[in-house]
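Labels below follow one simple rule: chain letters A, B, ... track the order of the sequence lines, proteins then strands, and each chain is numbered from 1.
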Amino acid sequence: MVSQRLTRMASQIVTRFAPSPTGYLHIGGGRTALFYWLYARGRGGKFLLRIEDTDRERSTPKATAAILRGLTWLGLDWDGEPVSQFARKDRHAEVAHQMLARGTAYKCFSSQEDIAAFRAEAEARGSYAVFQSPWRDAVSASYPDLPYVIRMRAPRNGETVIEDRVQGTVRFRNDQLDDMICLRSDGTPTYMLAVVVDDHDMGVTHVIRGDDHLNNAARHKMIYDAMDWPLPVWAHIPLIHGPDGKKLSKRHGALGVEEYQAMGYPAAGMRNYLTRLGWAHLDEEIFSTGQALRMFDLDGIGRAPARLDFKKLENTCGHQMAMADDAALLHELQAFMAVTGRSALSATQSDLLLEAMYCLKDRAKTFPELLDKAHFALTSRPIVADTGAQVALDTVSRGILQSLTLQLQNAQWTKTDLEPILNAAAAEAGIGFGKLAQPLRAALAGRTATPSVYDMMLVIGRDETVARLRDASQ
RNA sequence: GGCCCGUUCGUCUAUCGGUUAGGACACCAGGUUUUCAACCUGGGAAGAGGGGUUCAACUCCCCUACGGGCUGCCA
């Protein structure tokens, strides 16, 4: 009974996303969070959030809020309240002192000047040796009354081996790793210590993060070992690069997840694209979030950095829009309009848009495109014709429209009923259907690029159609 | 400098020793169409280079080149 429960507890997957609140949610961070979320949620595990705010200079509540907003937009929900790493600093210090008591750490009284001098001297000799503290083996009787840091007593021989789910077995020679500082002289923890203590205390079983941390994993392992704590599963994923293959930076444009929202990419499209960026399951390209949850696995993560490709992002978003539920899409559109400072839709407009969604969603890749296609439904009389539409509404066309209007007045408003009427009107005028559709479009939407004329007529209804045609044919 | 990671069409990738190296995006050419978009058909397009191991290597090993990361009392 007990062992059964233990087994179940042990198999419960716990992941955490641990951003530093120093800015918006970076696109790369968004993908990492997505991987965590997919992995945990796809296996009935937990997805926790920890805000790594130990750097008091750079951490802001505003950044934390922005990160939470970004995650929420991406549709990634987390369990419980976000944990503040800074709030746990006493616990970190406690562990550092436990390491001291266990002899796996020691007090180091070397000042930063001493260390700088050590490095300068090594460099002068042409070597790049890691810092070796003279206090590593000192007896406490010799301790001066000076501020000290607590350093890890790292093994100097042999190697530290990391088993990584993405990178495989990675070996580090211990003489390449220094006695890292765990507790600073002001008593605050370093990142190395804080991460390990928090992950352990939070019961984190799987750590997925950028491969810029791969080297750190060796240091983390030393702390786990020093405390006799069980190791988590590590998966170090390659960073996302810009379209030019260089590390993503400001000159690449959009870095923040919220910028993608503002550009009008649907969240489902972002999820699909980001999941597929650097991860693959055979030839699967377009999939729902539910399918992603079922398919996602650490084994499918690639080892080379992936480049951002906006064309593919757009294509993926187009598919996701077409797949989306009409009402849900309308809601997301409204959220998009709100964050980009557009005025809200009236009740009439949103009703109309909901009805029009079926003919809009598979023609748009982004919300601005959707809005553009929806112009005919959102605008109201008098319809303002753009230049192209004005050209289409020449005298002859207006005449044709005029007689068409008469026939539409009492027509049944279904496509089956409308089709013969429009076809007859074209035939009567001795023109092809295309020549009729063009002025019709102009009259109905004031534009020459619109959804199908039937769809527009069906959506706005008979009265509005007749009224718009009357306006235009006068 | 040292250590670590990476390298398949332009891009994302499949392949887990034996394939005409597949798919998607993008691109090009046709087609369809009621404009835009979409859609359909076809096309070009790849294993960084060099050594091994093996009957057989994109796949395993080594070297080189290139790219990236770490080398902080930042995270």
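For A:F287 and A:H319, the ring centers are positioned 6.0 Å apart or more. Aromatic ring centroids of A:F47 and A:W78 lie 6.0 Å or more apart. Two rings, from A:Y106 and A:W135, have their centers 6.0 Å or more apart. For A:Y224 and A:H200, the ring centers sit 6.0 Å or farther from each other.
Judged by Watson-Crick or G-U wobble contacts below 3.5 Å, the nucleotide B:C70 has B:G2 as its partner. Both distances falling under 3.5 Å, in either a Watson-Crick or a G-U wobble arrangement, occur for no nucleotide opposite B:A46. Using Watson-Crick or G-U wobble geometry with both donor-acceptor distances under 3.5 Å, B:A24 finds its partner in B:U11. Pairing for B:A29 goes to B:U41, judged as Watson-Crick or G-U wobble with the two contacts each under 3.5 Å. B:C36 is unpaired under the Watson-Crick or G-U wobble criterion, no partner having all donor-acceptor distances under 3.5 Å.
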Can you give one letter per nucleotide of nucleotides 14-25 of chain B, 5' to 3': B if a protein heavy atom sits under 4.0 Å from the base, S if only from the sugar-phosphate, - if neither? S-------BBBS
Across nucleotides 64-75 of chain B, 5' to 3', mark each nucleotide with B, S or - according to how protein heavy atoms within less than 4.0 Å reach it. ----SBS-SBBB
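Nucleotides B:U7 and B:C63 have their C1' atoms positioned 15 Å apart, rounded to a whole Å. Look at the C1' atom in both B:U13 and B:A26: the space between them is 14 Å, to the nearest Å. Comparing B:A46 with B:A14, their C1' atoms sit 13 Å apart, to the nearest whole Å. For B:A24 and B:U34, the P atoms lie 28 Å apart once the distance is rounded to whole Å. Between the P atoms of B:U54 and B:G22, the separation comes to 30 Å (whole Å). Comparing the C1' positions of B:G10 and B:C55 gives a spacing of 37 Å, expressed to the nearest Å. For the C1' atoms, the distance linking B:U33 with B:A38 amounts to 10 Å, nearest Å. Comparing the same atom, P, in B:C58 and in B:A48 gives a spacing of 10 Å after rounding to whole Å.
Here A:F172 lies in heavy-atom contact (under 4.0 Å) with sugar-phosphate atoms only. Across all strands shown, A:Y273 has no heavy atoms under 4.0 Å from either base or sugar-phosphate atoms. The residue A:P243 sits apart from the nucleic acid: no heavy atom pair falls under 4.0 Å. When heavy atoms are screened at a 4.0 angstrom cut-off, A:G278 is found touching the sugar-phosphate backbone but no base atom.
At a cut-off of 3.5 angstrom, the base of B:U7 holds no donor-acceptor pair with the side chain of A:R303.
Counting only heavy atoms from C-beta outward, the side chains of A:W413 and A:D417 never approach each other to under 4.5 Å.
Side-chain atoms of A:R294 and A:Q291 include no donor-acceptor pair closer than 3.5 Å. Looking at A:S84 and A:D53, their side chains do bring a donor and an acceptor atom within 3.5 Å of each other. A:R398 and A:S473 share no donor-acceptor pair across their side chains, judged by distance under 3.5 Å alone. For A:N174 and A:T160, the side-chain atoms include at least one donor-acceptor pair closer than 3.5 Å. Side-chain contact annotation: A:S20 with A:E52, donor-acceptor N/O pair under 3.5 Å absent.
The side chain of A:K373 lies closest to B:C36 when the candidates are B:C12, B:U34, B:C36.
Distance, A:M323 CE to B:A38 C1': 17 Å, rounded to whole Å. In this structure, the CD1 atom of A:I301 is 11 Å from the P atom of B:U13, given to the nearest Å. A:R209 places its CZ atom 15 Å from the C1' atom of B:C5, with the value rounded to the nearest Å. In this structure, A:F131 atom CZ and B:G2 atom C1' are separated by 18 Å, rounded to whole Å. Between the CG atom of A:N272 and the P atom of B:C12 there is a distance of 17 Å, given to the nearest Å. If you take CD of A:Q438 and P of B:U33, they are 16 Å apart, rounded to a whole angstrom.
The stretch residues 358-371 of chain A touches RNA chain B through A:R363, A:K365, each having a heavy atom within less than 4.0 Å of the strand.
Judged by closest nucleotide on RNA chain B, A:T169 is the one of A:G434 and A:T169 placed further toward the 5' end. In terms of position on RNA chain B, the residue among A:L308 and A:R441 whose nearest nucleotide sits closer to the 5' end is A:L308.
Applying the side-chain contact (heavy atoms from CB on, under 4.5 Å) criterion to A:D299, with sequence neighbours excluded, gives A:R165, A:D297. With sequence neighbours excluded, the residues that form a side-chain contact (heavy atoms from CB on, under 4.5 Å) with A:A324 are A:L329.
Listed here is the closest heavy atom pair of A:M456 and A:A445: SD-CB, 4.1 Å.
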Side-chain donor-acceptor pairs under 3.5 Å in residues 28-35 of chain A, sequence neighbours left out?
unit_1, atom_1, unit_2, atom_2, d
A:R31, NH1, A:L277, O, 2.7
A:R31, NH2, A:P238, O, 2.5
A:T32, OG1, A:G28, O, 3.0

